[in-house]
Amino acid sequence: MTEQADAISTSIDDPYLWLEDVTGDEALTWVRSHNEPTVETLSSSNRFRDMEASALAILDTDDRIPFVRRRGEFLYNFWRDAANPRGLWRRTTLESYVTDAPEWEIILDIDELARTEDENWVWSGATVLRPEYERALVSLSRGGADASVIREFDIPSRQWITDGFTLPENKSNVRWIDRDTVYVGTDFGEQPDGVGSLTDSGYPRVAKRWSRGAPLEDAITVFAGEKSDVSVHATYDDTPGFERHFVSRSTDFFNSLLFELRDGEPELVDVPTDAHAGVRMNWLLVMTRSEWEVAGTTHAPGTLLAFDYDDYRAGGREAAVLFIPDAHTSLVDYAYTRSHLIIVTLHDVHTRVEVRELGSWEVVDFPGLPDLATVSVLDTDPDESDEVFWMAASFTDPPSLLHSDGTSPRVIKRSPTFFDSESVIAEQYFATSEDGTQIPYFVIRRRDVTTGPTLLYGYGGFENSLTPNYLSISGKNWIERGGTYVIANIRGGGEYGPSWHTQAQKAGRHLVYEDFAAVAGALVDSGLTTPEQLGAQGGSNGGLLMGVMLTRYPELFGALVCQVPLIDMKRYHLLLAGASWVAEYGDPDDPEQWEFMQPFSPYQNIDADASYPPILVTTSTRDDRVHPGHARKLVARLEETGHEVMYYENIEGGHGGAADNKQAAFKTALAFEFLWRKLAPES
C-alpha cells in the first residue's frame with residue numbers, strides 16, 4: 001500500500017479504503033484483474049462488435065453538424081473524427097459554413113501536439129481575448145480530467161507564447177481583462193491569512209489579478225472566500241460602454257454572492273443567495289429559486305425579474321416581471337442579442353421560446369422555430385448583432401442547426417439520421433409517486449414493439465432537466481434492435497422549475513428514489529415490460545440512483561448499469577470535489593443528517609442475504625470529480641457478499657468516462673451488450 005493510501009483515515013470500519021488510492025499499485029492491479037474478465041466476456045460477441053462499430057461510426061461521421069461559436073468574423077469549432085481522435089480546433093466564415101463543404105482553417109491540432117510533446121492531451125476549451133480575438137488561453141487536460149494545464153496561444157501565428165500566461169495542472173480558472181492582464185484562480189499555496197488557496201472542494205478560494213511578465217506569486221489578490229466555500233471567480237465584463245469587474249463567491253453548490261469591484265472594493269449585489277443573477281449593460285436579471293418578497297410583492301420560485309441596475313444599486317426595487325412559472329411551465333434559460341432577450345421555457349418537458357425587446361420587454365413575434373422539438377440557443381453575439389444559432393431536436397428527429405439575424409430562423413445544417421426514425425414512436429406518460437405526485441416519463445420504441453426488454457434512464461439531481469433529444473447511439477443499438485427506451489423526469493431535476501429540485505434536497509432525497517421506482521412500476525403495470533426484462537442506467541448522481549435501486553428496490557429490475565457513481569455517502573464529502581455537493585445530499589458528519597442519508601447510501605446497505613439484479617459498474621481512473629473509489633468499493637463489497645457484478649474502469653476519460661470517440665464507443669457497447677445479455681438472453 002502506498003503512503004497516500006496509508007494516510008487515509010482507518011477510523012471507519014471499511015476494509016476497502018485502500019481502493020481509494022487512485023493510482024496505487026495494489027489498487028490498479030485490482031482494477032486490471034476486474035477489467036480483463038469483463039472485456040473478455042462482453043466484447044466477444046458479434047453483436048458487441050456491431051454495436052461498437054455503429055457507435056464509433058456515429059461519433060466519427062463527417063456528416064454530423066460541426067457546431068460553432070462566433071468570435072469576431074470567424075466561426076470556431078472543435079472537431080473529432082477517425083483521423084483526428086484528439087481533435088482539431090478550427091475556424092471558418094459564415095459564408096463558407098453554410099455551404100455543404102466549408103473550408104476550415106486549422107488553428108491547433110491536438111493529435112499532433114500530443115505526439116510532439118508525448119503527452120496524453122485532451123482538449124478542455126479556450127478563452128479568447130475580445131475584441132481582437134488574437135490571443136487564447138487554451139486548457140488541456142491529461143486523460144480528460146477536470147484539472148487542466150493552461151497555456152497562452154497566439155491565433156494568427158499558430159504559436160504558443162513561450163513567456164505568456166501559463167498555469168500547471170490544476171482546477172484553475174482564468175479570464176482575460178486585457179492583453180496583458182488576467183484574473184486567475186489556482187493553487188497559489190498558503191496565503192497571508194494562513195489558509196491555503198483552494199477550498200475543501202478543490203477549487204480556487206482566492207482570485208488574483210496577474211500582469212504579463214510578473215511571476216505568479218506576485219499576482220495581486222482582489223478577493224478571498226472561505227475554505228468551506230465551493231469556489232471563487234473573478235471576471236471582467238467588457239461590454240462596450242458598460243465595462244465592469246465582478247467577483248462571485250459560491251458558498252455552496254446552490255448559493256452564491258455576487259460583487260461588483262468598484263475602485264478595487266467589492267460591493268455586494270444584494271439579491272437572494274440562491275437566485276441566478278446577472279448584469280448586462282444597465283439591466284440586472286434575477287431568476288428566483290425560492291420565494292422572494294421585493295417591493296411588497298412575493299415572487300414564486302422560478303420567476304424572472306428585470307431591474308435597472310443603477311437604480312437597484314441605489315436602493316430601487318421596481319421590477320419588470322418577464323416570466324411567471326405555473327404548475328406545468330418552468331424557465332430553462334435566457335440569452336441576449338443586441339436587441340432582444342430570448343426566454344426558453346419547458347411546458348410538461350416540452351420547450352417553448354419567447355422573444356422580448358430589450359428595455360421595453362415587449363413580446364416580439366418570432367415565427368419559424370419548429371414545434372414539438374427541444375429548442376436551445378447555442379450562441380449569440382449580443383455586442384454586435386441579433387444573430388442567433390439555434391439547435392432543434394427530438395427523440396426521433398436528428399439535430400438541426402438554425403440561424404437567424406433579426407429574421408425568422410432558417411435551417412443551415414442537418415445531422416444525418418442514424419436509425420429508422422419512421423418506425424419509432426415517442427410518447428409521454430405520467431406515473432404516480434408514493435406521495436401522489438405525477439412524474440412524467442417518455443417512452444421511445446419501435447411501433448411494432450409492445451412489450452419486451454426495456455431500459456429506464458434517470459438522473460434526478462442538481463436541477464438538471466432531461467429533455468427530448470435525438471437518441472443516436474441508443475436508437476441504433478437499443479431501440480432499432482427491439483428494445484424500449486424510457487427517460488424518467490423525476491424530482492431532483494429542474495423539469496418543473498426550482499421547486500422540482502429543492503423538495504428533493506437533503507432530507508427530501510427519498511423522493512428521487514420513490515419517483516424512479518414509481519416509473520419502473522408503471523412500466524410493468526402497463527404491460528410494456530416485466531421486472532426480469534427491465535433494466536436501468538445512470539451516471540454520476542444517476543450512478544447513485546442506480547446504487548439505491550440495487551439496494552432498496554432490487555425486485556423491480558433485471559439488470560443495472562451504474563456509471564461513474566457516488567456510492568459511499570459516508571465519505572463522499574472527503575473525496576475530490578465531494579465537499580461541494582453537501583448542499584445537495586447533506587453532511588454525513590452531522591448525526592441528524594446522516595440519519596436521513598444512511599438509508600440511501602448504497603455502500604452501507606449492501607446485504608448478503610438480499611437478491612440483487614446483476615450490475616455492471618464502470619468508472620474512470622482519471623475522473624477527478626467523482627472519485628473512482630466509489631465504484632471500486634461497491635464492486636468489492638458486492639463480491640464479498642456473493643452478488644453478481646461486472647466492472648470496467650477506463651484508465652483515461654475523466655468524469656465523462658472516455659477521452660476520445662473510440663473509448664466512448666467501446667464504453668457504450670459494453671453497457672448495451674451487458675443489458676442485452678441480461679434482459680434478453682435469447683436474443
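- No donor-acceptor distance shorter than 3.5 angstrom exists from the side chain of Thr484 to the backbone of Arg445, with no hydrogens or angles considered.
- Looking at Ser45 and Arg677, their side chains come closer than 4.5 Å, going by heavy atoms from C-beta outward.
- What you find for Leu576 and Val626 is that their closest heavy atoms are CD1-C, 4.1 Å.
- Between the CZ atom in Phe672 and the CG atom in Leu679 there is a gap of 11.5 Å [rounded to 0.5 Å].
- Panel note: side chain Asn173, backbone His233; no donor-acceptor pair is recorded below 3.5 Å.
- Remark: side-chain polar atoms of Ser601 are paired, donor with acceptor, to backbone N or O of Met569 under 3.5 angstrom.
- For the atom pair NZ of Lys678 and CG of Leu534, the computed distance is 16.0 Å after rounding to the nearest 0.5 Å.
- Of the possible donor and acceptor atoms, none in the side chain of Gln593 sits under 3.5 Å from a partner among the backbone N and O of Gly586.
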Next on the checklist: I'd like to know whether Tyr648 forms a ring pair (Phe, Tyr, Trp, His ring centres under 6.0 Å) with Phe674, so could you lay out the CA-CA distance, the side-chain angles of the two residues, the decisive distance to 0.1 Å, and finally the verdict.
Outcome noted: CA-CA 12 Å; Tyr648 178 72; Phe674 174 80; over 10 Å; no

Checklist entry - Does the pair Thr619 and Val564 meet the rule for a side-chain contact (heavy atoms from CB on, under 4.5 Å), with working shown? => result CA-CA 4 Å; Thr619 192; Val564 290; 3.9 Å; yes

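- Under the ring pair (Phe, Tyr, Trp, His ring centres under 6.0 Å) rule, Tyr585 has a single partner from Phe462, Phe600, Phe253, which is Phe462.
- Closest of all the heavy-atom pairs between Ile615 and Cys562 is CD1-CB, 3.9 Å.
- With hydrogens and angles disregarded, a donor-acceptor distance shorter than 3.5 Å links the side chain of Asn35 to the backbone of Glu649.
- For the 3.5 Å distance criterion, the side chains of Asn650 and Arg622 fail to qualify, holding no donor opposite an acceptor.
- Judged purely by atom type and a 3.5 angstrom limit, His630 has no side-chain atom pairing as donor or acceptor with the backbone of Leu566.
- Under the 6.0 Å cut-off for aromatic ring centres, Trp30 and Tyr647 qualify, their centroids lying closer than that.
- Contact of the Leu523 side chain with the Tyr441 side chain is registered, since non-hydrogen atoms from C-beta on lie closer than 4.5 Å.
- Around the CD atom of Glu595, the shell of radius 6.0 Å holds no more than 12 heavy atoms that belong to other residues, nucleotides or ligands.
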Next on the checklist: Apply side-chain contact (heavy atoms from CB on, under 4.5 Å) to residues Val524 and Leu556 and explain how you reach the verdict.
Outcome noted: CA-CA 9 Å; Val524 173; Leu556 296 179; over 6 Å; no

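- Two residues are said to be in side-chain contact when any heavy atoms from C-beta on lie closer than 4.5 Å; Val582 and Asp252 fail this criterion.
- Between Asp14 and Lys633 there is a salt bridge, since at least one side-chain N of the basic residue sits less than 4.0 Å from a carboxylate O of the acidic one.
- To the nearest 0.5 Å, atom CZ of residue Arg637 and atom CG of residue Asn605 are 10.5 Å apart.
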Checklist entry - Can you list the steps and then say if Leu455 with Gln537 is a side-chain contact (heavy atoms from CB on, under 4.5 Å)? => result CA-CA 7 Å; Leu455 176 56; Gln537 181 179 14; 3.5 Å; yes

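- Taking 4.5 Å as the limit, some side-chain heavy atom of Arg289 sits within range of a side-chain heavy atom of Glu463.
- Between the CG atom of Asp200 and the CG atom of Asp229 there is a distance of 9.0 Å, given to the nearest 0.5 Å.
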Item to check | Steps toward side-chain hydrogen bond (donor to acceptor under 3.5 Å, both in side chains) verdict (Ser540, Gln563) | outcome: CA-CA 6 Å; Ser540 190; Gln563 299 168 310; over 6 Å; no

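- For the residue pair Glu434/His510, the side-chain donor-acceptor check at 3.5 Å is not satisfied.
- Distance check, rounded to the nearest 0.5 Å: CG of Asn464 to OH of Tyr459 gives 5.5 Å.
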Item to check | Intermediate values then yes/no, side-chain contact (heavy atoms from CB on, under 4.5 Å), Leu670 and Phe48 | outcome: CA-CA 7 Å; Leu670 274 184; Phe48 173 87; 3.9 Å; yes

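- For the pair Tyr513 (side chain) and Tyr553 (backbone), a donor-acceptor distance under 3.5 Å is absent.
- Between Pro613 and Leu550, some side-chain heavy-atom pair lies under the 4.5 Å cut-off.
- Scanning all heavy atoms of the two residues, the minimum distance from Ala631 to Pro565 falls at CB-CD, 3.8 Å.
- In terms of heavy-atom proximity, Leu331 sits nearest to Gly302 at CB-O, 4.2 Å.
- Expressed to the nearest 0.5 Å, how far CE of Met546 lies from CG of Leu544 amounts to 9.5 Å.
- The pair Glu36-Arg32 does not count as a salt bridge, with every side-chain nitrogen at least 4.0 angstrom from each carboxylate oxygen.
- Ser141 approaches Ala147 most closely through the heavy-atom pair CB-O, 3.3 Å.
- Pairs of residues two or more places apart, or lying in two chains, that qualify as side-chain hydrogen bond (donor to acceptor under 3.5 Å, both in side chains) and include a residue from residues 572-584 are His501-Glu584, Arg509-Glu584, His573-Asp589.
- Residues satisfying the side-chain hydrogen bond (donor to acceptor under 3.5 Å, both in side chains) criterion with Ser526, sequence neighbours excluded, are absent altogether.
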Side-chain donor/acceptor pairs under 3.5 Å, residues 485-496, sequence neighbours excluded:
residue : atom : partner : partner atom : Å
Asn489  : ND2  : Leu466  : O            : 2.7
Asn489  : ND2  : Glu495  : OE2          : 3.1
Arg491  : NE   : Asp515  : OD1          : 3.4
Arg491  : NE   : Asp515  : OD2          : 2.8
Arg491  : NH1  : Asp435  : OD2          : 2.9
Arg491  : NH1  : Thr437  : OG1          : 3.2
Arg491  : NH1  : Gln503  : OE1          : 3.1
Arg491  : NH2  : Asp435  : OD1          : 3.0
Arg491  : NH2  : Asp435  : OD2          : 3.4
Arg491  : NH2  : Asp515  : OD1          : 2.8
Glu495  : OE2  : Leu466  : N            : 2.9
Tyr496  : OH   : Asp348  : OD1          : 2.8

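- Between Arg142 and Val149 the shortest side-chain heavy-atom distance falls below 4.5 Å.
- Proximity of His643 to Val645: side-chain heavy atoms (C-beta onward) are nowhere separated by under 4.5 Å.
- Between the Trp676 side chain and the Asn477 main chain, a donor and an acceptor come within less than 3.5 Å of each other.
- The main-chain N or O of Gly225 is found under 3.5 Å from a side-chain atom of Arg205 such that the two form a donor-acceptor pair.
- Using a 4.5 Å heavy-atom threshold, the side chains of Ser376 and Asp333 count as separate.
- Nearest heavy-atom pair across Ser231 and Tyr203 is CB-CB, 3.7 Å.
- Checked against the 6.0 Å centroid threshold, Tyr457 and Phe442 do not count as a close aromatic pair.
- In this structure a side-chain-to-backbone donor-acceptor pair under 3.5 Å is missing from Asn170 to Ser172.
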